[in-house]
Amino acid sequence: MKKLGIVYFSATGTTKALAKAIEEGANEIENTQVRLFPIGKEQLVDGRFVDLAVLSKLGECDAIVFGSPTYMGGVASQFKAFADATSELWCEQLWANKLAAGFTCGSALNGDQSSTLYYMITLACQHGMLWVSVDAAHGYTKKNINRLGSQLGVVAQTTSESLHEIDLATAHYLGKRIAGLLNEKTRVPLLHDE
Ligand SMILES: Cc1cc2nc3c(=O)[nH]c(=O)nc-3n(C[C@H](O)[C@H](O)[C@H](O)COP(=O)(O)O)c2cc1C
């Protein structure tokens with residue numbers, strides 16, 4: 001059984017909805033156990049993420065997907081506190097070779113969501129993880145996903161509490177892709193091969 005952890009912060013629920021869509025997509029691949037790790041205020045003390053049990057459970061995962069709303073062109077401070085807490089693991093590269101991916105939501109069509117994903121990529125690379133992209137060329141995929149043209153990870157945009165169905169479909173697809181990559185026998189076919 002391959003394990004996939006999705007660790008995310010969400011204040012008003014849109015990033016959470018993306019996390020659930022990624023979970024649903026990953027669950028479509030056999031032999032995959034998915035677990036959500038929402039970052040809550042009880043885990044943050046004096047600005048620090050203190051829930052070491054979560055770090056330990058993520059250490060058991062074969063893949064970790066990072067999620068945060070875009071706040072001022074970057075990850076939310078709650079997610080950054082989580083990221084900072086992983087520094088103890090960084091010293092010994094305990095997450096090396098795990099797969100990683102990311103997702104974010106912003107209220108603007110270009111609200112610098114890419115900067116949030118770049119930070120997540122940096123975090124993953126600091127840990128020696130392997131970043132999984134969105135293999136859907138905007139305007140050329142047969143599937144109706146990736147409407148905003150981000151291949152670094154899932155970028156969503158909304159000004160309400162609900163998400164665009166294509167953004168949810170993109171998140172669902174990324175979950176399926178990363179779980180497929182974990183289970184070589186059920187590797188998701190490349191979009192262009194379908
Ligand atoms: C402090 C703050 C800063 C924000 N900065 C940005 C931003 O830089 N770009 C953007 O597109 N949206 C920005 N937003 C909007 C949020 O990213 C958006 O509402 C998102 O959907 C919230 O995610 P959540 O529902 O998971 O909490 C910001 C919101 C807040 C509260």
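Computed over heavy atoms, backbone and side chain alike; hydrogens, waters and symmetry mates excluded. Start at 1 and go down the list; that is how both ligands and their atoms are numbered. One is the number of the first residue; the rest follow in order along the sequence.
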Using a strict 4.0 Å cut-off to heavy atoms of T15, name the atoms of ligand 1 that fall inside it.
23 (O), 24 (P), 26 (O)
Roughly how far apart are L44 CG and I39 CD1, rounded to 0.5 Å?
7.5 Å
For G111, atoms of ligand 1 separated by under 4.0 Å from a heavy atom:
7 (C), 8 (O), 9 (N), 10 (C), 11 (O)
Partner of K176 under salt bridge (Lys or Arg N to Asp or Glu O under 4.0 Å), picked from E30, E23, E28, is E28
Looking only at distances, can you tell me whether any N or O atom of S10, backbone or side chain, sits closer than 3.5 Å to an N or O atom of ligand 1?
yes
Numbering as shown, the atoms of ligand 1 that approach M72 to under 4.0 Å (heavy-atom distance):
3 (C), 4 (C), 5 (N), 6 (C), 7 (C), 8 (O)
Mind telling me whether Y119 and F79 have parallel, tilted or perpendicular rings, with 30° and 60° as the class edges?
perpendicular
Has the side chain of W131 got a donor or acceptor atom that lies under 3.5 Å from a matching backbone atom of L152?
yes
Evaluate whether atom CD of E42 has more than 12 neighbouring non-hydrogen atoms of other residues, nucleotides or ligands under 6.0 angstrom away.
yes
Side chains of Y173 and D135: donor-acceptor distance under 3.5 Å anywhere?
yes
Only pairs at least two apart or in different chains count here, so list each side chain to side chain donor-acceptor pair (under 3.5 Å) that has a residue in residues 62-82.
T70-T104, T70-T116, K80-D84
Go through ligand 1 atom by atom and flag the ones less than 4.0 Å from a non-hydrogen atom of G13.
24 (P), 25 (O), 26 (O)
Quick one: does F9 get an N or O within less than 3.5 Å of an N or O on ligand 1?
no
Ligand 1 to A108, heavy atom cutoff 4.0 Å, flagged ligand atoms 11 (O)
Let me check something: any side-chain donor-acceptor pairs from residues 5-21 under 3.5 Å, sequence neighbours excluded? List them with distances.
unit_1: S10; atom_1: OG; unit_2: G13; atom_2: N; d: 3.1
unit_1: S10; atom_1: OG; unit_2: K16; atom_2: N; d: 3.3

Atoms of ligand 1, numbered as shown, that sit under 4.0 Å from any heavy atom of G106
10 (C), 11 (O), 12 (N), 17 (O)
Shortest protein contact, atom 21 (O) of ligand 1 (heavy atom only):
T14 OG1, 2.8 Å
For atom 31 (C) of ligand 1, grab the closest protein heavy atom and report residue, atom and distance to one decimal in Å.
Y71 CE1, 3.7 Å
Are any of the N or O atoms of T70 closer than 3.5 Å to those of ligand 1?
yes
Please work out which of S107, S115, G73 has its closest non-hydrogen atom nearest to atom 8 (O) of ligand 1.
G73
Kindly check if the number of other-residue, nucleotide or ligand heavy atoms within 6.0 Å of CD (Q151) is above 12?
yes
For the 3.5 Å polar cut-off, considering only N or O atoms, please tell me whether A11 and ligand 1 meet it.
yes
